[in-house]
Participant: 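Mind having a look at this structure? Questions to follow.
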Protein chains: 2
Amino acid sequence: MKVSTRGRYGVNAAFELAIRFGEGPVPIKIIADAQQLSESYLEQLMAKLRKAGIVSSARGAQGGYELTRHPGEITVGEVIYAVEGPMVPADCLLQDGRHGCVRVDTCAGRIIWGKIYDGIRSVIDTMTLADLIEEKERKERSEENE
Amino acid sequence: MKVSTRGRYGVNAAFELAIRFGEGPVPIKIIADAQQLSESYLEQLMAKLRKAGIVSSARGAQGGYELTRHPGEITVGEVIYAVEGPMVPADCLLQDGRHGCVRVDTCAGRIIWGKIYDGIRSVIDTMTLADLIEEKERKERSEENE
DNA sequence: AGCATACCCGACCTTTGTTGTCAAGATTGA
DNA sequence: TCAATCTTGACAACAAAGGTCGGGTATGCT
């Protein structure tokens with residue numbers, strides 16, 4: 001039960017872009033350095049974010065990536081969904097309506113996975129990148145007072 | 001963000017044992033048939049459950065597996081933990097106290113993963129195998145009335 | 001022209017999922 | 001008691017998916 005590295009790096013990268021929102025395109029190298037991960041891998045994630053319309057890219061010198069919308073309008077869920085697909089703990093929850101699991105009657109776990117799924121979504125679908133920035137700043141302030 | 005097959009099969013198997021609690025050892029073949037998965041793979045999961053003290057095993061004819069405690073005293077979380085390790089969405093949440101992530105200050109995701117982790121645990125640590133049985137029976141009753 | 005940067009693609013390694021093979025222990029029936 | 005049979009236990013082999021990296025190409029600024 002892990003968030004894949006895609007999800008983790010993706011959120012971290014989006015967060016980095018959120019901090020720099022409004023400063024123009026940010027090259028991938030900057031993000032990779034800040035988050036200590038390889039440029040090659042990050043590129044693949046940025047491609048997914050671009051295809052999902054979350055970031056835009058600019059080639060050439062002074063190019064890079066930037067968010068297409070204000071950080072307050074992008075939820076963490078959107079980012080995760082873009083890089084690693086739905087945050088559903090078990091595939092049988094995905095199918096529509098009555099045609100879920102082949103063995104609905106014997107699959108006890110569905111009750112559990114459903115509850116977990118609801119819990120996860122209530123977190124990631126309501127929290128935006130702007131909220132993340134705010135929480136981080138609050139945390140830093142409280143640490144200064146120690 | 002998936003529960004691995006280990007977790008899913010593990011919970012399903014434990015659930016099957018819970019239904020048969022008190023009837024003596026249940027051979028792995030019965031469980032594998034009921035859940036439609038291979039005996040070989042299930043054996044490996046049962047070995048983990050045994051090492052975790054959740055089930056006991058008896059060899060030879062009339063042997064099999066059974067729960068060591070009443071289904072009401074075994075949480076789903078225990079089972080999942082035994083077969084696939086902690087349900088922590090990101091490893092950096094695991095380390096103790098202040099020594100977590102090497103880059104605590106740059107890791108925005110910790111806020112998110114922490115909230116998700118709390119949500120998941122509140123589900124799986126409170127729900128027991130007996131609760132699962134009860135929920136399933138309730139579901140079946142409501143379907144009869146349709 | 002030259003440089004900085006995104007973009008595409010393929011190779012490799014690690015982890016997870018899955019199945020099969022053989023050994024070891026316990027019960028049953030003669 | 002002995003042998004046949006049922007069952008778990010350990011381990012190896014393989015396939016599939018995810019993660020990681022590097023090289024080469026396209027594009028656009030200066």
Side-chain angles (χ1 to χ4, degrees), chain A residues 1-13 16-17 20 23-33 35-52 54-68 80 82-87 89-91, chain B residues 1-13 17 20 23-33 35-68 80 82-87 89-91:
Chain A
M1 190 67 187
K2 293 268 187 294
V3 177
S4 70
T5 61
R6 291 203 293 274
R8 295 209 300 278
Y9 295 163
V11 169
N12 284 133
E16 210 68 27
L17 287 181
R20 293 168 167 78
E23 302 177 4
V26 182
I28 213 166
K29 189 173 191 317
I30 303 292
I31 306 173
D33 282 354
Q35 304 290 347
Q36 295 180 1
L37 53 94
S38 89
E39 299 178 36
S40 327
Y41 192 26
L42 190 52
E43 266 179 350
Q44 299 171 36
L45 304 182
M46 297 309 286
K48 287 176 189 257
L49 292 181
R50 181 170 49 85
K51 280 168 193 157
I54 295 173
V55 307
S56 63
S57 64
R59 287 184 164 193
Q62 311 307 315
Y65 296 90
E66 58 189 330
L67 297 178
T68 57
I80 295 179
V83 293
E84 72 162 311
M87 288 282 277
D91 284 336
Chain B
M1 190 67 185
K2 293 267 187 296
V3 178
S4 70
T5 61
R6 290 203 293 273
R8 295 209 300 279
Y9 296 164
V11 169
N12 284 133
L17 287 182
R20 295 169 167 76
E23 303 177 5
V26 181
I28 211 165
K29 188 172 191 317
I30 303 292
I31 305 174
D33 282 354
Q35 304 290 347
Q36 294 179 3
L37 53 95
S38 89
E39 299 178 35
S40 327
Y41 192 27
L42 189 52
E43 267 178 353
Q44 296 171 38
L45 303 182
M46 296 310 286
K48 288 176 189 257
L49 292 182
R50 180 172 48 87
K51 280 168 192 158
I54 295 173
V55 306
S56 62
S57 65
R59 288 183 166 190
Q62 313 305 317
Y65 295 91
E66 57 189 331
L67 298 178
T68 56
I80 295 179
V83 292
E84 72 163 308
M87 287 282 278
D91 285 335

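Note on naming: letters A, B, ... go to the chains in the order of the sequence lines (proteins, then strands), and numbering restarts at 1 for each one. Every value quoted in this text rests on a predicted model; they were computed, and no experiment measured them. Reckoned from all heavy atoms, side chains included, excluding hydrogens, waters and symmetry mates.
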Participant: For the pair made of CG in B/L42 and C1' in C/dG17, what is the distance, rounded to whole Å?
Facilitator: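 Going from CG in B/L42 over to C1' in C/dG17 covers 14 Å.
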
Participant: Do A/Y41 and A/T5 have side-chain heavy atoms sitting under 4.5 Å apart?
Facilitator: yes

Participant: To check you understand the geometry: which heavy-atom pair defines the closest contact between B/L42 and B/A32, and what is its length?
Facilitator: CD2-N, 3.8 Å

Participant: Quickly, which of A/E66, A/R50, A/K48 forms a side-chain contact (heavy atoms from CB on, under 4.5 Å) with A/V55? Name it, please.
Facilitator: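 That would be A/R50; it is the only one of A/E66, A/R50, A/K48 passing the side-chain contact (heavy atoms from CB on, under 4.5 Å) with A/V55.
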
Participant: To the closest 0.5 Å, what do you measure between OH (A/Y65) and CZ (A/R20)?
Facilitator: 15.5 Å

Participant: Which residues pass the side chain to side chain contact (heavy atoms under 4.5 Å, CB included) test with A/A52, sequence neighbours left out?
Facilitator: A/I54, A/A82

Participant: For B/K48 and C/dT18, what is the distance between atoms NZ and P respectively, to the nearest whole Å?
Facilitator: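 Interatomic distance, NZ of B/K48 to P of C/dT18: 14 Å.
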
Participant: A/M46 CE to C/dC8 C1': how many Å, rounded?
Facilitator: 16 Å

Participant: Considering just the side-chain nitrogens and oxygens of B/R50, establish if one lies under 4.0 Å of OP1 or OP2 belonging to D/dA10.
Facilitator: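 For D/dA10, OP1/OP2 do have a side-chain N/O of B/R50 under 4.0 Å.
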
Participant: D/dT7 C1' sits how many Å from B/E39 CD, rounded?
Facilitator: 10 Å

Participant: Measure from CD1 on A/I31 to P on C/dT5 and round the result to the nearest Å.
Facilitator: 12 Å

Participant: Can you tell me how far the OG1 atom of A/T68 sits from the CG atom of A/L49, to the nearest 0.5 Å?
Facilitator: 10.0 Å

Participant: Polar atoms only, N or O, under 3.5 Å: list the protein pairs with nucleotides 28-30 of chain C and their distances.
Facilitator:
none

Participant: Got A/D33 and A/K29 here, is their nearest side-chain heavy-atom distance under 4.5 Å?
Facilitator: yes

Participant: Are A/R8 and A/L37 close enough that some pair of their side-chain heavy atoms sits under 4.5 Å apart?
Facilitator: no

Participant: Provide, to the nearest angstrom, the distance between the OH atom belonging to B/Y65 and the C1' atom belonging to C/dG25.
Facilitator: 13 Å

Participant: B/R8 has an atom CZ; how far is it from atom P of C/dT16, in whole Å?
Facilitator: 14 Å

Participant: Under 4.0 Å between a side-chain N/O of B/S57 and OP1 or OP2 of D/dG9, yes or no?
Facilitator: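 Answer is yes, contact under 4.0 Å.
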
Participant: Give A/A47 one of three labels, base, sugar-phosphate or nothing, depending on what nucleic acid heavy atoms sit under 4.0 Å from its own.
Facilitator: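 Touches nothing.
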
Participant: Are any of the side-chain heavy atoms of A/E16 and A/V26 separated by less than 4.5 Å?
Facilitator: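 Heavy-atom side-chain distance check fails, nothing below 4.5 Å.
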
Participant: Any N/O pairs under 3.5 Å between the protein and nucleotides 17-26 of chain D? List them or say none.
Facilitator:
from	atom 1	to	atom 2	distance (Å)
D/dG19	OP1	A/T5	N	3.1
D/dG19	OP2	A/R6	NH1	2.7
D/dG19	O5'	A/T5	OG1	3.4
D/dT20	OP2	A/T5	OG1	3.4
D/dC21	OP2	A/S38	OG	3.0
D/dC21	N4	A/Q44	NE2	2.6
D/dG22	N7	A/S40	OG	3.1

Participant: How close or far is atom C1' of C/dC8 from atom CG of A/L45, stated in whole angstroms?
Facilitator: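 Going from CG in A/L45 over to C1' in C/dC8 covers 15 Å.
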
